[in-house]
Amino acid sequence: MRIPCPYCGSRDSSEFSYSGDATLTRPTPDNADAMFDYVYLRDNPVGLHREYWYHAAGCHAWLKVTRNVSTHEVIEAVLAHDEAAS
Amino acid sequence: MLDLAYISAFSGLRSIGDGRGVIARERRGIAIATVMARKGQGTALAAAVKEHFDINLPLGPHGSGSVSTSFLGTGPGRWLVTHDAGTPRFVERLAQQLEGLASVVDQSDGVGLLRLTGPALLDVLAKGVAVDLNTTAFPAGSVAVTQIAHMGVTLWKVDETPTFHIAIARSMAGSFLHWLEASAAVTGLVADG
Ligand SMILES: [Zn+2]
């Protein structure tokens with residue numbers, strides 16, 4: 001699998017670390033139940049999904065990658081901090 | 001401040017095999033620094049780099065430089081700076097010039113630099129680099145932060161001869177030479193100075 005890093009270009013997935021579900025929003029720390037769900041309870045979706053990947057062996061940017069987890073087709077990758085800013 | 005004795009990172013570089021497929025030379029006495037833009041200071045940083053060095057700060061994975069100083073894009077808001085004119089305390093001065101705009105960290109003693117060229121260079125690099133380094137995908141001036149045999153490297157194409165400069169953590173220099181010797185032996189590796 002190759003991931004199109006917006007900064008570096010197309011790179012092998014071995015340069016990246018998978019860093020979790022990008023569709024979740026971190027709850028406030030005082031909400032223990034919501035935090036428990038956020039940390040421990042994972043969905044196991046089929047088809048399109050959004051994930052965080054960290055380009056550890058490249059530009060050290062966090063990416064939000066949209067990919068089909070059934071076929072491994074990568075549809076899009078954007079810089080997470082760009083998206084957070086917009 | 002005490003001036004420490006300089007010890008070469010690539011003193012183990014030696015010629016191996018027959019032929020002149022890859023020609024390697026250590027780049028010595030280079031001032032090296034990482035520069036990371038402070039939050040929201042990207043525009044001001046670019047203006048300061050323009051003012052002090054007359055260099056257009058590259059926003060992508062490219063190098064941009066004057067005769068002696070290069071700014072190499074290594075990530076969003078991050079650059080590797082090299083300076084080979086021997087200016088004393090170059091990095092200290094750079095940190096002052098970019099005060100408040102960027103974090104500047106001296107890497108001169110932590111990073112080893114090699115200059116690689118030769119007719120077999122692209123074939124040899126292809127044994128370790130999973131990035132297309134041919135002219136269309138990677139023209140002169142391009143920079144890649146990637147890995148070779150699990151070792152983190154920053155490499156940039158200086159010209160289409162092709163000549164590459166490669167930066168690697170000094171603690172990996174011995175292992176990197178091992179990879180280079182094993183990969184280039186078949187075409188011949190020449191240690192040039
Ligand atoms: Zn990247």
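We use all heavy atoms of the structure for the numbers below, so side chains are in, but hydrogens, waters and symmetry mates are not. Chain A is the first sequence line, chain B the second, and so forth, proteins listed ahead of strands; every chain is numbered from 1.
Linking Ile, Leu, Val, Met, Phe, Trp and Tyr residues whenever their side-chain heavy atoms come within less than 4.5 Å leaves B:Val91 and B:Leu113 in two separate clusters. Connection of B:Leu133 to B:Val158 is not established within any shared hydrophobic cluster, with ILVMFWY side chains joined at heavy-atom distances below 4.5 Å, either directly or through further cluster members.
Nearest heavy atom pair, residue A:Glu15 against residue B:Val145, reads OE1-O, 4.4 Å. Closest heavy-atom contact between B:Gln147 and A:Ala57: OE1-CB, 3.6 Å. Scanning both residues, B:Ala130 and A:Arg2, for their nearest heavy atoms gives O-NH2, 3.3 Å.
Interface remark: B:Thr146 contributes backbone and side-chain atoms alike to the contact with chain A (heavy atom separation under 4.5 Å).
Counting only heavy atoms from C-beta outward, the side chains of B:Pro76 and A:Leu79 approach each other to under 4.5 Å.
Atom NE2 of B:His178 has 12 or fewer neighbouring heavy atoms from other residues, nucleotides or ligands inside a 6.0 Å radius. Atom CG of A:Leu41 sits in a crowded spot, with more than 12 heavy atoms from other residues, nucleotides or ligands closer than 6.0 Å. Surrounding CG of B:Asn134 are more than 12 heavy atoms belonging to other residues, nucleotides or ligands, all under 6.0 Å away. No more than 12 heavy atoms of other residues, nucleotides or ligands shown are found within 6.0 angstrom of CG on A:Asp33.
Across B:Gly60, B:Ala144, B:Gly152, B:Ser142, the residue that shares the most heavy-atom pairs under 4.5 angstrom with chain A is B:Gly60.
With rounding to the nearest 0.5 angstrom, the CG atom of B:Leu59 is 8.0 Å from the OH atom of A:Tyr7.
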